[in-house]
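Notes for the one structure printed next.
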Amino acid sequence: MRGVRALGLALLLSTTLVVAGCASVLAPLQPDPGGSERREVAPADARAHGLPTRPKGPSRSIGLPWSGGLEGGVRLPAAGSSHVTWDPVLRRSPNRDWRQFGTYRTVRRVIEVAADYRRAHPGAPRVVVGDLSRPRGGDFGVRYGLPGHASHQNGVDVDVYYPRRDGRATAPLTVSQVHRSRSRDLLRGFLRAGAGVIFVSPETGLAGQGRRVRLIPNHETHRHVRFGPAYPG
Ligand SMILES: [Zn+2]
């Protein structure tokens, strides 16, 4: 009976979380597969790309993406030579600073993937990045703007918008505006960078890229990338 109750509670929790934005991101954290193929941003380019300074103290996630916090978080700059930020609530660029915090590892890898992508696609617009976490993590629900996030609590989650077919560096409004081949290349960049799991909408046609790419509804305009919880070294 206890098992039945536990199962019921788990189903209720899942259902509750699925209805809130990026909420259904309930997969367990995956071990970081390494990302040995990724190229790091050269020190000379670091400032242009917006790579933040590595914190003196620890920069790490606490707890779980849907129940956690962030210690020593760093802010993704509002823009760099390869990315811009987008506020999903106010629907404008740049995003507000307090929505842009992650572990040093997360922020660095977002910038590195964007830089790699721009090297491969010189004519493409900069990568449009949405919410990460709040400065100290924790709740990022509807009180911070609809639809809110049930995850994005411990500095390892980041929303990245699909590149648009019309070349504008803003969030697409519908899946018909998404540039499929560039979206696939950007997705592969995040996989090479060691993303533990990436959630995409079935309508994007981005499934079939391996077990770390998972389908989720309500993600027609952006993918949700989750990195592992620690930054080695
Ligand atoms: Zn998300």
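One-based numbering, in listed order, for ligands and for the atoms of each.
A donor-acceptor pair is defined here as one N or O able to donate and one able to accept, closer than 3.5 Å; no such pair exists between the side chain of D87 and the backbone of R92.
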- [ ] Give the C-alpha distance, both sets of side-chain angles, the deciding distance and a yes or no for side chain to side chain contact (heavy atoms under 4.5 Å, CB included) between W86 and V129.
- [x] CA-CA 6 Å; W86 180 260; V129 182; over 6 Å; no

Task: Test side chain to side chain contact (heavy atoms under 4.5 Å, CB included) applied to D157 and L132, step by step - done: CA-CA 6 Å; D157 291 319; L132 281 81; over 6 Å; no

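Looking only at N/O/S atoms, H224 comes nearest to the Zn ion (ligand 1) through ND1. Nearest to the Zn ion (ligand 1), among the N, O or S atoms that D159 has, is OD1. Checked against the Zn ion (ligand 1), the N, O or S atom of H152 at the shortest distance is NE2.
Aromatic ring centres of H83 and H49 lie farther apart than the 6.0 Å criterion allows.
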